[in-house]
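Below is one structure, written out as structure tokens; the observations come after it.
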Amino acid sequence: MTDVATTAAEHTRRDFLFIATGAAGAVAAASAIWPFVSQMAPDADTIAAGAPVEFDLTPVAEGQIVKLFWRGKLIFVRHRTKTEIKSAVETDVASLRDPEADAVRVKAGKSQWLVVYGNCTHLGCVPLGNDGSFNGWLCPCHGSVFDTSGRIRQGPAPTNLPVPPYEFVSDQKIRIG
Ligand code: FES
């Protein structure tokens, strides 16, 4: 389980592979118990079509960003540090291209967790985490810079990284969709 200890500085494919593996395991587990919950659980086709997915946040270390897919779209789950939260909260919202307070982009009492779609709002490239002059994300394609709230700060992207529909179903678990 070395991937659990992956640091923010190691934003590589390892995070994705870890989550992808976990997701496959979850699907396998769901399949195994299928006979017992067939009246309640969505089948594989329904999941592929966009049924809600649950994700356990426990292995995501502070400072780490993990990537997962929901409805075929990339999603970043970022466990923000206190410094990253402070930076996001103290930003002058009126100065932003797409003005949104950090508080409306996270769940109350859970500001350490940022969940956003993972494709640049310019032309869809995948931004690099913990990079750029605001230490949020840097899109390598045309230089869009996002802050630690996923808000556009520099470059051609017109809007913030959107927040997908999700909720906390327990202290350390979210349901997307
Ligand atoms: S696709 Fe990200 S800046 Fe163009």
Side-chain angles (χ1 to χ4, degrees), residues 3 6-24 47-53 55 57 59-107 110-167 174-177:
D3 289 301
T6 300
T7 68
E10 297 175 284
H11 53 80
T12 67
R13 295 178 6 170
R14 295 178 65 204
D15 290 338
F16 168 73
L17 293 172
F18 171 71
I19 297 306
T21 302
I47 291 172
V53 294
F55 178 66
L57 300 166
V60 186
E62 185 174 298
Q64 188 179 20
I65 303 170
V66 297
K67 307 174 184 74
L68 53 93
F69 283 91
W70 175 66
R71 290 188 174 178
K73 293 189 174 178
L74 179 64
I75 289 177
F76 293 140
V77 177
R78 182 171 187 146
H79 189 172
R80 303 191 298 182
T81 65
K82 287 182 173 55
T83 301
E84 291 169 348
I85 296 168
K86 185 170 187 285
S87 171
V89 169
E90 293 182 348
T91 298
D92 177 12
V93 174
S95 71
L96 298 174
R97 182 180 303 168
D98 183 10
E100 272 190 314
D102 185 65
V104 303
R105 296 176 54 77
V106 296
K107 302 300 185 188
K110 296 288 188 182
S111 63
Q112 71 271 44
W113 297 109
L114 179 73
V115 182
V116 292
Y117 284 108
N119 290 97
C120 180
T121 55
H122 181 221
L123 295 176
C125 291
V126 177
L128 305 173
N130 298 301
D131 210 337
S133 49
F134 291 87
N135 200 32
W137 285 269
L138 169 66
C139 184
C141 292
H142 313 96
S144 285
V145 173
F146 300 87
D147 65 16
T148 56
S149 190
R151 298 172 299 198
I152 182 62
R153 302 299 293 270
Q154 297 171 343
T159 60
N160 304 331
L161 299 177
V163 176
Y166 79 98
E167 62 181 352
I174 58 173
R175 178 189 296 131
I176 302 174

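Ligands are counted one by one from 1 in listed order, and the atoms in each one are counted from 1 as well.
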Q: Under the ring pair (Phe, Tyr, Trp, His ring centres under 6.0 Å) rule, collect the residues that match up with Y166, sequence neighbours excluded.
A: none

Q. With distance as the sole test, does S149 use its side chain to make a donor-acceptor pair with the main-chain N or O of D102 at under 3.5 Å?
A. no

Q. Under 2.8 Å from atom 4 (Fe) of ligand 1, which protein atoms of type N, O or S occur, listed by chain and number?
A. H122 ND1, H142 ND1

Q: Taking salt bridge (Lys or Arg N to Asp or Glu O under 4.0 Å) as the test, write out the residues that go with R97, two or more places apart.
A: none

Q: Evaluate the pair C120, C139 and indicate whether the two SG atoms are within a distance below 2.5 Å.
A: no

Q | Output field: ring centroids F55/W70 closer than 6.0 Å | A | no

Q.
Run the salt bridge (Lys or Arg N to Asp or Glu O under 4.0 Å) test against K73 and tell me which residues pass, sequence neighbours left out.
A. none

